[in-house]
Asker: 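Have a look at this one before I ask anything.
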Amino acid sequence: MNLLEHFILQHLQISVLKGELLRVSREGAMKDAKVEMNLTPRLMDRSSGDKLPSYQVSARLTCIGGAGENSGPAFKVKVGIETVYQQFCGDPIDISEFTNHHATLSRQIYPLLALELRGVLMRMGLTNIQLPVDLNPGSKKISVSPGEVRNRVH
């Protein structure tokens, strides 16, 4: 199920912008960087009398870069947003079904996170980091990190 066929992005707010240079590379070129995206959905309070549900999705994009042969990362950057999705059609989708399919929202959320991440990387002087513009539509590798699981509704 593609949740974008049933939900609209109603609200977006940046919640985390964190960058840290851990080591300055003398070569000036990073060899690799690991990028991880985590989504955590929650049912919003339906006290407004809406028949169709709204869900808050916390999204985090983390980029950790190495500088080749030296051990340890050269930088860490974390960007987070809070989104609210309102269902606009169909039968109400419950939290379990929403949670099972929330990764389908990642193709809409990722570009928003990547844009903010690029800004932080540029302010840190890391202009040589290239992020993909879009995600692979067949990818199922959107995860919830262990630190986020405690806030997840099952």
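Since the structure is predicted, the reported quantities are computational estimates derived from the model, not experimental observations. All heavy atoms count here, side chains included; hydrogens, waters and symmetry mates do not.
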Asker: Name all residues meeting the side chain to side chain contact (heavy atoms under 4.5 Å, CB included) criterion together with M44; count only those two or more places apart in sequence or in a different chain, and write none if there are none.
Answerer: S54, Q56, V84

Asker: Take the angle between the ring planes of F7 and F98 and call it parallel below 30°, perpendicular above 60°, tilted in between.
Answerer: perpendicular

Asker: Among residues at least two apart in sequence or on other chains, which ones pass salt bridge (Lys or Arg N to Asp or Glu O under 4.0 Å) with E97?
Answerer: none

Asker: Measure the spacing between NZ of K34 and NZ of K76 and express it to the nearest 0.5 Å.
Answerer: 11.0 Å

Asker: Under 4.5 Å between side-chain heavy atoms, chaining through other members, with only Ile, Leu, Val, Met, Phe, Trp and Tyr counted: pull out the rest of the cluster around V16, sorted by chain and number.
Answerer: none

Asker: If hydrophobic clusters are built from ILVMFWY residues whose side chains come within less than 4.5 Å, do L3 and L12 share one?
Answerer: yes

Asker: Shared ILVMFWY cluster between I14 and L105, side chains joined below 4.5 angstrom?
Answerer: yes

Asker: To the closest 0.5 Å, what do you measure between CD1 (I109) and OG1 (T83)?
Answerer: 4.0 Å

Asker: Grab the two heavy atoms, one from T104 and one from H101, that are nearest each other, plus how far apart they are.
Answerer: OG1-O, 2.8 Å

Asker: How far does CD of E36 sit from NZ of K78, to the nearest 0.5 angstrom?
Answerer: 9.5 Å

Asker: Start with the C-alpha gap between I95 and Y55, add the side-chain angles, then the distance that decides, and say whether side-chain contact (heavy atoms from CB on, under 4.5 Å) holds.
Answerer: CA-CA 8 Å; I95 185 65; Y55 291 95; 3.5 Å; yes

Asker: Is there a path of hydrophobic side-chain contacts, each under 4.5 Å between heavy atoms, that joins L43 and F88?
Answerer: no

Asker: Are L17 and I64 connected in a single hydrophobic cluster, I mean Ile/Leu/Val/Met/Phe/Trp/Tyr linked by side-chain heavy atoms less than 4.5 Å apart?
Answerer: no

Asker: With sequence neighbours left out, what residues match K18 under salt bridge (Lys or Arg N to Asp or Glu O under 4.0 Å)?
Answerer: none

Asker: Between P92 and Q87, which heavy-atom pair has the shortest distance, and what is it?
Answerer: CA-OE1, 3.6 Å

Asker: Could you tell me which residues satisfy side chain to side chain contact (heavy atoms under 4.5 Å, CB included) with Q108, sequence neighbours excluded, listed by chain and number?
Answerer: L4, L9, Y85

Asker: Check the hydrophobic clustering (I, L, V, M, F, W, Y; side-chain heavy atoms under 4.5 Å; chains of links allowed) and say if L113 and M122 are grouped together.
Answerer: no

Asker: Before you tell me yes or no, could you show the steps for M1 and I93 under side-chain contact (heavy atoms from CB on, under 4.5 Å), namely the whole-Å CA-CA distance, both residues' side-chain angles and the distance that decides it to 0.1 Å?
Answerer: CA-CA 11 Å; M1 167 188 289; I93 294 175; 3.9 Å; yes

Asker: Identify the heavy atoms of C89 and E5 that sit nearest to each other, and give their distance.
Answerer: SG-O, 3.5 Å

Asker: Please identify each residue that fulfils side chain to side chain contact (heavy atoms under 4.5 Å, CB included) with L117, with sequence neighbours left out.
Answerer: L61, C63, V77, V79, L121, L131

